[in-house]
2 protein chains.
Amino acid sequence: MEKATEELIKETAKDIFFKQGNLHATTQDIADAAGVNRSLLNYYFRSRDLLFEQVYNEAVQSKRSQLDEALDADLPFREKVERFIDVYLRDMRKYPFKEAFLISEINHKDFVLKNKKKSAKLISFLDEIAAEMKKGTIRTMDPMHFLVNLFSMLSYPIIMSPLYQQLFNLSHTRYENFIDERKDIILQSIFI
Amino acid sequence: MEKATEELIKETAKDIFFKQGNLHATTQDIADAAGVNRSLLNYYFRSRDLLFEQVYNEAVQSKRSQLDEALDADLPFREKVERFIDVYLRDMRKYPFKEAFLISEINHKDFVLKNKKKSAKLISFLDEIAAEMKKGTIRTMDPMHFLVNLFSMLSYPIIMSPLYQQLFNLSHTRYENFIDERKDIILQSIFI
DNA sequence: GGAGCGTTTAACAATTTTGTTAAGCGACAA
DNA sequence: TTGTCGCTTAACAAAATTGTTAAACGCTCC
């Protein structure tokens with residue numbers, strides 16, 4: 001049991017799902033990309049489903065801690081939002097299709113979501129947003145909408161990049177620049 | 001060759017992919033949902049791939065004409081944007097995962113996008129956006145960013161609804177209401 | 001050199017999915 | 001009534017995917 005190889009396989013699976021966005025990849029695809037024998041996948045993970053489960057759980061976990069980390073910082077509101085954007089954008093650039101993978105797994109067959117409560121950090125951040133609205137630096141609305149706007153403007157253009165690259169007829173590198181500009185655009189769009 | 005049945009099958013496939021978001025559905029799943037024999041799929045579409053191709057092409061086509069229709073109207077800017085939101089939201093509510101399907105197909109294997117030019121209507125709408133910025137009713141930025149912001153705030157919360165329902169711990173109907181509120185929120189967010 | 005470990009190879013079995021074919025059924029129309 | 005048409009049934013073939021197993025290979029470490 002070589003932990004490094006187990007990791008290699010798992011990371012390769014993540015690359016295929018989250019980076020390339022190939023949500024239909026087979027175990028053979030994964031083994032080939034990892035440069036190992038397909039038997040090894042069964043050796044380490046017993047079955048395809050268990051590998052998927054691990055990848056899924058770690059994706060959820062990473063998104064969760066990403067959020068908590070960003071919201072936990074002891075910073076003024078605007079800096080906190082900037083930090084949030086940085087953290088989020090970095091992960092989206094590394095793994096553009098992570099969220100798409102999550103959704104596709106959730107919608108696949110008899111998948112059941114665990115019914116988690118809102119995290120304490122999230123609730124307190126929603127309060128912070130509300131307070132900021134009273135101060136007048138951002139528009140007044142249900143703080144959930146504020147947060148969803150933020151997530152949307154961050155994630156969507158990256159997830160849908162193949163579509164928008166084509167719609168706007170931009171080269172790959174030109175679209176990369178476009179994404180680079182997002183942080184300022186978003187800040188500009190949410191702060192009054 | 002009963003056109004109605006062919007349509008039934010195709011529409012059922014769209015329901016499964018675009019409504020339920022089950023991007024891994026098999027031909028058997030589709031046949032069952034349509035209440036027909038699996039042989040009929042081959043009878044009408046020859047193969048699974050050809051069915052997928054039709055569904056894909058019609059999805060692209062519908063998105064395209066949806067956009068053109070909204071942008072083609074001879075209306076003042078704000079009304080045009082409102083109309084755009086209406087058209088778009090209606091389709092997203094009917095087929096929340098249409099875009100997710102498109103992305104998953106595009107990323108799947110050796111898919112190649114046809115290199116289309118920007119549509120004339122799109123270009124003229126980008127000009128309209130720029131003009132509106134000069135008038136000062138919306139913030140100044142690259143019009144593409146304006147448009148992407150709009151798309152993002154419209155689409156993302158719907159595509160990702162399973163995730164955000166859970167994050168905010170909202171019931172299905174409560175999330176429906178949340179989406180209902182999006183139009184005003186978006187207008188509020190993009191107009192100064 | 002021999003033992004142990006991680007990995008590969010290879011051969012299969014099992015399962016799932018897709019594609020094909022021919023016969024038959026029921027309704028409706030000529 | 002006799003066809004024909006749309007569809008089903010059923011039985012298979014073919015292919016793709018997944019899971020299992022045993023033997024062997026190349027290390028490294030003793």
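On a predicted model such as this, the values are computed, not experimentally measured, just so you know. Protein chains get the first letters and strands the later ones, always in sequence-line order, with residue 1 at the start of each.
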(request) Give the rounded distance in Å between these two atoms: NE2 of A/His24 and C1' of D/dA16. (result) 15 Å
(request) Could you identify which residues of residues 7-21 of chain B place a heavy atom less than 4.0 Å from some atom of DNA chain D, listed by residue number, or say none? (result) none
(request) Could you check how far CG of A/Asn37 sits from P of C/dA11, rounded to whole Å? (result) 13 Å
Cut-off 3.5 Å, no hydrogens considered: what does the side-chain donor-acceptor table look like for residues 41-51 of chain B, sequence neighbours left out?
| unit_1 | atom_1 | unit_2 | atom_2 | d |
| --- | --- | --- | --- | --- |
| B/Tyr44 | OH | B/Glu2 | N | 3.1 |
| B/Ser47 | OG | B/Asp49 | N | 3.4 |
| B/Ser47 | OG | B/Leu50 | N | 3.2 |

(request) Write down the distance between CG (B/Leu51) and C1' (C/dT17), rounded to a whole number of angstrom. (result) 15 Å
(request) Any chance you could list the contact pattern along nucleotides 19-30 of chain C? Use B for base contacts, S for sugar-phosphate-only contacts and - for none, protein heavy atoms under 4.0 Å, 5' to 3'. (result) BBB---------
(request) Name the orientation class of the two ring planes belonging to B/Phe146 and B/Phe77 (parallel below 30°, tilted from 30 to 60°, perpendicular beyond 60°). (result) tilted
(message) Going by salt bridge (charged side-chain N to carboxylate O under 4.0 Å, His left out), name the residues that satisfy it together with A/Lys80, two or more places apart in sequence or in a different chain.
(response) A/Glu128
(message) Please report the distance, rounded to the nearest Å, between CG in A/Asp32 and P in D/dA16.
(response) 14 Å
(message) By nearest heavy atom, map A/Leu40 and B/Thr26 onto DNA chain C; which one lands nearer the 5' end?
(response) A/Leu40
Can you give the donor-acceptor pairs under 3.5 Å from side chains of residues 185-192 of chain A to other protein atoms, not counting sequence neighbours?
| unit_1 | atom_1 | unit_2 | atom_2 | d |
| --- | --- | --- | --- | --- |
| A/Ser189 | OG | A/Ile185 | O | 2.8 |
| A/Ser189 | OG | B/Asn149 | ND2 | 3.3 |

(request) Please figure out whether B/Gln28 or A/Ala4 has its closest DNA chain C nucleotide nearer the 5' end. (result) A/Ala4
(message) For the CG atom of B/Leu170 and the OH atom of B/Tyr164, what is their distance to the nearest 0.5 Å?
(response) 12.5 Å
(message) What is the separation between atom CG on A/Leu50 and atom C1' on D/dG19, rounded to the nearest whole Å?
(response) 12 Å
(message) Just verifying a value: how many Å separate B/Tyr156 OH and B/Leu163 CG, rounded to the nearest 0.5 Å?
(response) 7.0 Å
(request) Check the pair A/Tyr88, A/Lys63 against side chain to side chain contact (heavy atoms under 4.5 Å, CB included), reporting the backbone distance first and the verdict last. (result) CA-CA 9 Å; A/Tyr88 219 78; A/Lys63 280 287 169 193; 3.9 Å; yes
(request) Under the salt bridge (charged side-chain N to carboxylate O under 4.0 Å, His left out) rule, collect the residues that match up with A/Glu7, sequence neighbours excluded. (result) A/Lys10
(request) Give the rounded distance in Å between these two atoms: OH of B/Tyr43 and P of D/dT9. (result) 16 Å
(request) Give the rounded distance in Å between these two atoms: CZ of B/Phe52 and P of C/dT17. (result) 12 Å
(message) Quick check for you: to the nearest 0.5 Å, what is the distance between A/Met160 atom CE and A/Phe97 atom CZ?
(response) 9.0 Å
